[in-house]
Amino acid sequence: MDRIPILKFGNALLVTIQVDMHDRLATALEEDLTSKIVAHNSRGVLIDISALEIVDSFIGRMLDNIAAVSRILDADTVVVGMRPAVAITLVELGLSLTGVKTALNVERGMALIHDRLAGSEADDADDQD
Amino acid sequence: MPTTKTDRVAIKISDDVVRVRQLTRALSVEVGLSLVDQTKIVTASSELARNTLDYGGGGEVTAEIVEQGGRRGVRLTFEDKGPGIADIEQALKDGFTSGKGMGLGLGGAKRLCNEFSIDSRPGEGTKVTIARWK
Ligand SMILES: Nc1ncnc2c1ncn2[C@@H]1O[C@H](COP(=O)(O)OP(=O)(O)OP(=O)(O)O)[C@@H](O)[C@H]1O
Ligand SMILES: [Mg+2]
């Protein structure tokens, strides 16, 4: 079966979804990401969906699940590049994706993850005082 | 309502859901729906195709370009011979699912289209029709 490639990018993982995913492919991505977060000790997951023409309830649930699992594993998930028409449709569908952080593009998404990491390192330093 | 084009796609495996999305997109482009309206009906078609597969045990969709009073639109009819829906009102409620879903598919598809109708009888099957007009 096909798999969606996951790239390691510093302490984050980057996934670019470029195909119209069937449901098994989406489920496989969820599983692959979870094991890669653990294997690489990743602190962030960036999912680029700029090529996706729709997000339906199945893919929405996948994004929510990835965010929830990565949070438990101490990694932040940021979904980037959602098309405006997709965002409008998602709201009308009733999917709020409350657990998912979003950013306009990969650069801003990376910045979000790094901000959070910088913040937590500062906290660690405070703890040592 | 005159139909100017008809396509049928069997819905038996999850790749067929992708195929239904692609056909819906192609017809929406042909009719000249706006990008947002295309996205809405393609999303609705994905929800209904998956319901046909997951709950209806498979079935088929009939996709048409229809014309009425000078307006053109895309109409999709999903049919299966599955267990049917006993309580349609409940099934349409956001958040109601008998499976592992979020219960958004049916209600969402209704909101995303200009026309929505559902005909289902327990033990006989389910038929859901949606349309989006230009
Ligand atoms: N074709 C069908 N045949 C039988 N039952 C159906 C069919 N379509 C929907 N249902 C019933 O209606 C319920 C609601 O459907 P709906 O699509 O709104 O939510 P879902 O599929 O459970 O979750 P989601 O679509 O959010 O993933 C389903 O859980 C199922 O019980
Ligand atoms: Mg559904």
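Naming convention: chains lettered A, B, ... in sequence-line order (proteins, then strands); numbering from 1 in each chain. It should be emphasised that the depicted structure is a prediction, and the values quoted were computed from it without experimental measurement. We use all heavy atoms of the structure for the numbers below, so side chains are in, but hydrogens, waters and symmetry mates are not.
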Requested in this report: Group every Ile, Leu, Val, Met, Phe, Trp and Tyr by side-chain heavy-atom contacts under 4.5 Å, then state whether Val66(B) and Phe78(B) land in the same group.
Outcome: no
Report summary line: Across all chains, not counting sequence neighbours, the side chain to side chain donor-acceptor pair (under 3.5 Å) partners of Gln90(B) are none
Query raised in the report: Mind checking whether Leu48(B) and Ile65(B) sit in one hydrophobic cluster, side chains of I, L, V, M, F, W, Y counted as touching below 4.5 Å?
Result: yes
Query raised in the report: Any idea which of Gly108(B), Ala44(B), Gly107(B) has the most non-hydrogen atom pairs under 4.5 angstrom with chain A?
Result: Gly108(B)
Query - Residues clustering with Val36(B) (ILVMFWY side chains joined when closer than 4.5 Å, directly or via others) - result: Ile88(A)
Query raised in the report: Which atoms of Leu95(A) come close to chain B, meaning under 4.5 Å heavy atom to heavy atom: side chain ones, backbone ones, both, or neither?
Result: both
What are the sub-3.5 Å donor-acceptor pairs between chain B and chain A, distances to 0.1 Å?
unit_1	atom_1	unit_2	atom_2	d
Asp15(B)	OD1	Arg24(A)	NH2	3.2
Arg21(B)	NE	Asp20(A)	OD1	3.0
Arg21(B)	NE	Asp20(A)	OD2	3.4
Arg21(B)	NH2	Asp20(A)	OD1	2.4
Arg21(B)	NH2	Met21(A)	O	2.8
Arg25(B)	NE	Glu53(A)	OE1	3.4
Lys40(B)	NZ	Glu92(A)	OE1	3.1
Ser46(B)	OG	Asp56(A)	OD2	2.4
Glu47(B)	OE1	Ser57(A)	OG	2.7
Glu47(B)	OE2	Ser57(A)	N	2.5
Glu47(B)	OE2	Ser57(A)	OG	3.0
Arg50(B)	NE	Asp23(A)	OD2	2.6
Arg50(B)	NH1	Asp56(A)	OD2	3.2
Arg50(B)	NH2	Asp23(A)	OD1	2.9
Arg50(B)	NH2	Asp56(A)	OD2	2.9
Arg111(B)	NE	Glu92(A)	O	2.7
Arg111(B)	NH2	Leu93(A)	O	2.8

Query - Val20(B)-Val55(A) co-clustered via ILVMFWY side chain contacts under 4.5 Å - result: no
Report task. Would you mind telling me which of Val42(B), Val18(B), Val17(B) has the largest number of heavy-atom pairs within less than 4.5 Å of chain A? Result -> Val18(B)
**Report entry** Where at least one partner belongs to residues 67-89 of chain B, residue pairs that pass salt bridge (Lys or Arg N to Asp or Glu O under 4.0 Å), sequence neighbours excluded
**Finding:** Glu64(B)-Arg75(B)
Query raised in the report: Any link between Phe58(A) and Val128(B) through a network of hydrophobic side chains (Ile, Leu, Val, Met, Phe, Trp, Tyr) touching at under 4.5 Å?
Result: no
